[in-house]
Amino acid sequence: MSGKIVLAYSGGLDTSVAVRWVKEERGLDVVAIGVDVGEERDYDAILQKALAVGALPESRIIDAKEEFVTEYIWPALKAGACYESKYYLATALARPLIAKLIVDVAHEVGATAVGHGSTGKGNDQVRFDVTFAALDGKLDIVAPAREWGMTREEEIEYAERFNIPVPIAKASPYSIDVNLWGRSVECGIIEDAAVEPPEDAYEMTVNPVDAPDTPQIVEITFEKGVPVAIDGDAPGPVALVEKANKLAGSHGVGRVDMLENRLVGIKSREVYESPAAVLLSLAHREMEALTLDRDTAHYKALVAQRYSELVYFGLWHSPLREHLQAFVDSTQERVSGKVRMKLYKGSCFVVGRESPESLYRTDLATYDVGDMYDASAGAGFCKIWGLPVRVAQERDRASR
Ligand code: ARG
């Protein structure tokens with residue numbers, strides 16, 4: 001192989017070693033692309049590091065925050081996506097976007113290959129590879145960390161040999177992925193599933209024990225299933241998510257300790273922090289409770305489960321995910337209004353909701369005066385509703 005490869009670059013150990021390794025082992029010149037999906041980092045330093053370890057001058061940082069929120073996070077939020085009821089899919093949602101941007105650059109610079117720093121044990125390789133192939137099946141895919149067969153220690157030695165800066169201490173090798181929708185932490189002591197994650201695993205959330213003693217009420221405004229304002233302030237999608245992270249994180253909301261089923265068959269212990277995802281997703285569910293009819297709400301919960309699997313399994317571009325998205329988007333037409341959530345020492349719960357599209361009718365629900373519900377129809381309804389149950393039980397008793 002010879003030519004150019006566009007490599008997803010994070011500035012971390014794996015991708016820094018990869019820049020050098022791809023050059024040494026494959027003879028490919030590397031265009032390193034750092035994608036800003038909301039991790040607060042010194043991106044200029046990251047770019048300089050890429051160039052220092054040998055990447056081509058076409059290397060660059062792409063600010064993809066807005067696209068990430070509007071094209072990936074909002075669709076997933078509307079779908080109620082949460083893998084195995086705990087993980088709001090921050091990493092899984094960012095991968096297809098990063099892969100798409102890599103393919104765009106590959107076309108622009110005339111590269112023959114694309115690559116990423118994921119290992120062969122995780123889900124991220126699948127998300128990258130599947131998206132690369134979906135968007136341009138002719139590009140070669142190189143995943144150095146999957147191919148080089150180095151242990152983490154050997155990788156650190158390789159880095160030291162080629163003067164590649166090693167960003168983490170050898171003693172605490174967490175693998176961390178951060179974006180606007182949350183933070184994923186694995187490796188190190190976290191691999192011991194029996195042990196409580198140490199406090200240094202967390203960054204976006206305060207320990208609930210140290211959270212304010214006074215609860216805080218936060219009002220989220222939704223338009224067609226999308227959060228547009230917090231406490232009346234509508235700063236735009238990216239700033240809104242950032243604000244939600246700060247608010248919920250300051251109350252210790254969003255910590256998740258999870259033993260999850262990876263696509264590749266391994267169970268792994270992960271720590272997540274997703275303050276904004278928890279706050280906005282719980283609020284969204286309450287908005288739906290008020291504005292969706294029962295059957296749609298129940299059916300949508302089934303869709304959410306399948307949708308979450310598809311996202312987690314790297315199938316963002318699959319026909320089924322797109323068809324389910326069309327269903328989800330159609331359900332959101334009237335999911336508008338306001339939800340008030342209370343944040344208090346690690347918990348986040350609804351305390352009020354209102355909507356011009358509300359299906360909640362106090363004149364039907366009330367047990368007080370003004371009841372419009374015809375309760376006299378109840379007996380007849382019960383008789384017909386229970387008819388098949390009654391018939392079946394009568395048969396079973398007769399044949400016993
Ligand atoms: N297990 C999560 C997922 O599959 C998080 C992966 C995090 N990646 C990382 N490099 N730490 O989406």
Side-chain angles (χ1 to χ4, degrees), residues 1-35 39 41 45-56 59 91 95 98-99 102 113-129 132 140-178 183-193 195 197-198 200-201 260 262-271 314:
M1 253 191 246
S2 68
K4 276 187 212 166
I5 179 170
V6 181
L7 190 68
Y9 184 74
S10 70
L13 179 67
D14 287 348
T15 55
S16 295
V17 170
V19 170
R20 186 63 191 237
W21 186 89
V22 161
K23 235 181 140 103
E24 296 285 322
E25 305 292 323
R26 299 292 156 90
L28 289 167
D29 289 319
V30 176
V31 176
I33 299 298
V35 179
E39 184 177 5
R41 301 183 65 187
I46 291 172
L47 179 59
Q48 294 315 317
K49 184 171 172 184
L51 299 171
V53 298
L56 292 171
S59 300
T91 300
R95 295 319 189 203
I98 296 169
I102 296 294
V114 286
H116 58 78
S118 303
T119 70
K121 292 187 87 164
N123 302 308
D124 286 333
Q125 56 165 345
V126 183
R127 299 164 185 154
F128 278 118
D129 281 32
F132 287 153
D140 288 321
I141 300 171
V142 182
R146 184 167 63 188
E147 294 165 32
W148 60 38
M150 289 189 274
T151 64
R152 206 151 178 88
E153 281 68 33
E154 288 164 346
E155 210 184 312
I156 289 169
E157 280 164 28
Y158 186 101
E160 282 165 354
R161 183 147 35 108
F162 287 102
N163 280 326
I164 296 164
V166 177
I168 48 165
K170 277 185 199 180
S172 87
Y174 291 140
S175 168
I176 300 168
D177 181 65
V178 187
R183 189 167 169 274
S184 310
V185 189
E186 49 193 30
C187 301
I189 182 69
I190 288 168
E191 285 178 359
D192 186 342
V195 172
D200 72 357
E260 81 191 30
R262 286 192 188 167
L263 174 59
V264 292
I266 303 169
K267 281 189 190 292
S268 71
R269 202 289 188 89
E270 315 258 344
V271 166

Under a 4.0 Å threshold between the charged nitrogen and the carboxylate oxygen, would [Y] count as salt-bridged to [X]?
{"X": "Asp124", "Y": "Arg95", "result": "yes"}
{"X": "Arg26", "Y": "Glu147", "result": "yes"}
{"X": "Glu157", "Y": "Arg161", "result": "no"}
{"X": "Arg262", "Y": "Glu186", "result": "yes"}

Restricting to non-hydrogen atoms, name the atom on [X] and the atom on [Y] that form the minimum distance, rounded to 0.1 Å.
{"X": "His116", "Y": "Asp129", "answer": "NE2-OD1, 2.8 Å"}
{"X": "Gly117", "Y": "Ala145", "answer": "O-CB, 3.4 Å"}
{"X": "Leu13", "Y": "Ala159", "answer": "CD1-CB, 3.8 Å"}
{"X": "Ile46", "Y": "Ser10", "answer": "CD1-O, 4.1 Å"}

Side chains of [X] and [Y]: does their closest heavy-atom pair fall under 4.5 Å?
{"X": "Glu270", "Y": "Ile190", "value": "no"}
{"X": "Val17", "Y": "Pro144", "value": "no"}
{"X": "Val114", "Y": "Ile141", "value": "yes"}
{"X": "Val271", "Y": "Tyr174", "value": "no"}

Donor-acceptor contact present, side-chain [X] to main-chain [Y], <3.5 Å:
{"X": "Thr15", "Y": "Tyr9", "answer": "no"}
{"X": "Lys23", "Y": "Leu28", "answer": "no"}
{"X": "Ser16", "Y": "Ile164", "answer": "no"}
{"X": "Glu260", "Y": "Ser268", "answer": "no"}
{"X": "Arg183", "Y": "Glu39", "answer": "no"}
{"X": "Arg269", "Y": "Glu191", "answer": "no"}

Problem - Side-chain H-bond candidate by donor/acceptor type, Ser184 with Asp177, under 3.5 Å - result: no
Practice task
Taking atom types as modelled, find out whether Thr119 and Arg146 have a side-chain donor-acceptor pair closer than 3.5 angstrom.
Solution key: no
Handout entry: Ser59 vs Leu51, side-chain contact (heavy atoms from CB on, under 4.5 Å): CA-CA, chis, key distance, verdict
Key = CA-CA 8 Å; Ser59 300; Leu51 299 171; 4.2 Å; yes
Can you tell me how far apart [atom1] ([X]) and [atom2] ([Y]) are? Round to the nearest 0.5 Å.
{"X": "Arg152", "Y": "Ser175", "atom1": "CZ", "atom2": "OG", "answer": "6.0 Å"}
{"X": "Ile98", "Y": "Phe128", "atom1": "CD1", "atom2": "CZ", "answer": "5.0 Å"}
{"X": "Leu56", "Y": "Ile5", "atom1": "CG", "atom2": "CD1", "answer": "11.0 Å"}
{"X": "Thr91", "Y": "Asn123", "atom1": "OG1", "atom2": "CG", "answer": "9.5 Å"}

Handout entry: Chi angles and distances behind the side-chain contact (heavy atoms from CB on, under 4.5 Å) call for Trp21, Tyr158
Key = CA-CA 9 Å; Trp21 186 89; Tyr158 186 101; 3.9 Å; yes
Problem - Full working for side-chain contact (heavy atoms from CB on, under 4.5 Å) between Trp148 and Glu154 - result: CA-CA 10 Å; Trp148 60 38; Glu154 288 164 346; over 6 Å; no
Exercise for the section: Kindly indicate, with the supporting measurements, whether the criterion side-chain contact (heavy atoms from CB on, under 4.5 Å) is fulfilled by Val19 and Leu7. Expected result: CA-CA 8 Å; Val19 170; Leu7 190 68; 3.8 Å; yes
